[in-house]
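Counting starts at 1 for both ligands and their atoms, in listed order.
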Amino acid sequence: MSSVLFEIKDAIAFLTLSRPEKFNAFNREMALLLQEKLDACSSDEVRCVYITGAGKAFCAGQDLAEVADPNGPGMNVILGEHYNPIVSRIRKLEKPVVAAVNGVAAGAGANIALCCDIVVAAQSASFIQAFSKIGLIPDSGGTHTLPRLIGWQKASSLMMLGDKVPATEAERLGMLYQVFPDESFAEESRKIAYTLAALPTKGLAFTKQALNLSFCNTFEAQLQNEDMLQQKAAATADFKEGVTAFLQKRQPVFKGK
Ligand code: LHQ
């Protein structure tokens with residue numbers, strides 16, 4: 001059984017982290033496989049990526065048994081070869097990525113979820129910056145992402161104390177977009193993916209690029225980026241279709257081109 005399930009259906013790449021007996025904790029094989037599957041999402045047939053976990057958890061971060069294994073990959077390669085390439089791929093991917101957090105998301109599992117474009121969670125899910133409890137620092141981009149999402153003080157406290165943050169509290173803090181009841185979570189979260197897959201894919205990619213750039217830019221520099229990216233968006237067939245459909249008083253049919 002593969003540790004990352006992958007299916008492209010209706011222009012959506014469905015990725016499922018799948019080591020349920022380990023709460024989908026990452027070993028090297030799973031981390032490399034996820035990178036490979038994220039690369040496959042660059043294909044033109046994919047217009048949205050949806051990441052979730054198999055079973056009860058979303059992802060418990062690094063498989064700690066592998067870290068303790070003398071034949072394991074070693075601390076010197078885990079970030080450089082596993083987590084950094086995963087979060088970089090998610091941020092650079094020219095498609096919207098939905099994290100459908102179905103259960104607990106801890107350590108690298110939490111921060112991989114938080115770097116996605118839209119994060120939704122089941123009511124019973126939770127987020128834990130588990131690193132401090134084992135003497136590590138938050139990784140997978142968490143020290144960049146979390147303070148920008150919820151502010152420096154809350155991020156610093158959650159990272160140092162390692163509190164378990166229930167989904168509803170995470171929503172209140174601004175860590176995620178929406179929480180759905182457990183019973184309807186799969187359906188509601190998939191609806192978001194279907195909506196995204198029908199939107200102008202290139203326009204969404206330029207939006208993502210602009211947001212990526214905004215993290216370290218001045219206001220004036222960001223205005224220049226918006227100008228450059230807006231011109232690219234305006235050159236797409238989907239922009240033409242959007243304006244034409246509006247003027248013809250009909251629903252647009254976007255092709256992602
Ligand atoms: C696990 C794990 C796990 C293995 C649950 N590993 N088996 C970067 C640099 C280099 C090295 C280290 O890592 C990193 C990045 C990181 O991600 S560091 C943070 C690593 N993750 C953690 O510290 C979280 C550890 N897990 C937990 O604290 C709890 O398991 C959580 C809060 C996730 C869930 O708690 P419970 O709901 O009480 O479930 P549980 O503890 O009973 O776990 C269920 C099973 O999953 C259990 O297996 P078992 O055979 O006993 O039923 C756990 O051993 C296994 N599991 N997390 N990370």
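The presence of a protein heavy atom under 4.0 Å from atom 13 (O) of ligand 1 is confirmed.
Between Tyr194 and Phe14, the ring planes lie tilted relative to each other; the angle falls in the 30° to 60° range.
Every N/O-N/O distance between Ala25 and ligand 1 stays at or above 3.5 Å. Between Leu64 and ligand 1, at least one N/O pair is under 3.5 Å apart. Among the atoms of Ala60, some N or O lies under 3.5 angstrom from an N or O of ligand 1.
Only the side chain of Ile78 comes within contact range of ligand 1, with a heavy atom under 4.0 Å; no backbone atom does. With a 4.0 Å cut-off on non-hydrogen atoms, Val67 touches ligand 1 through its side chain and not its backbone. Only the side chain of Phe131 comes within 4.0 Å of ligand 1, counting heavy atoms alone; its backbone N, CA, C and O stay farther away.
Near Ala130, with a cut-off below 4.0 Å to any heavy atom, the atoms of ligand 1 are 22 (C), 23 (O).
Using 4.0 Å as the threshold, Glu66 has no heavy atom nearer than that to any atom of ligand 1.
Summarising the contacts of atom 1 (C) of ligand 1 with Arg19, Lys22, Gln62, the nearest heavy atom is found in Lys22.
Clustering ILVMFWY residues whenever any of their side-chain heavy atoms sit less than 4.5 angstrom apart, transitively, puts Ile12 in a cluster other than the one holding Leu34.
The shortest heavy-atom contact between Ala100 and Phe58 is O-CD1, 3.6 Å. Of all heavy-atom pairs between Asp238 and Pro200, the closest is OD2-CA, 3.3 Å.
Contacts classified as ring pair (Phe, Tyr, Trp, His ring centres under 6.0 Å) and involving residues 118-154 (residues at least two apart or in different chains) are given here: His144-Phe215.
Using modelled atom types, one finds no donor on one side chain facing an acceptor on the other under 3.5 Å when comparing Gln35 with Asp39.
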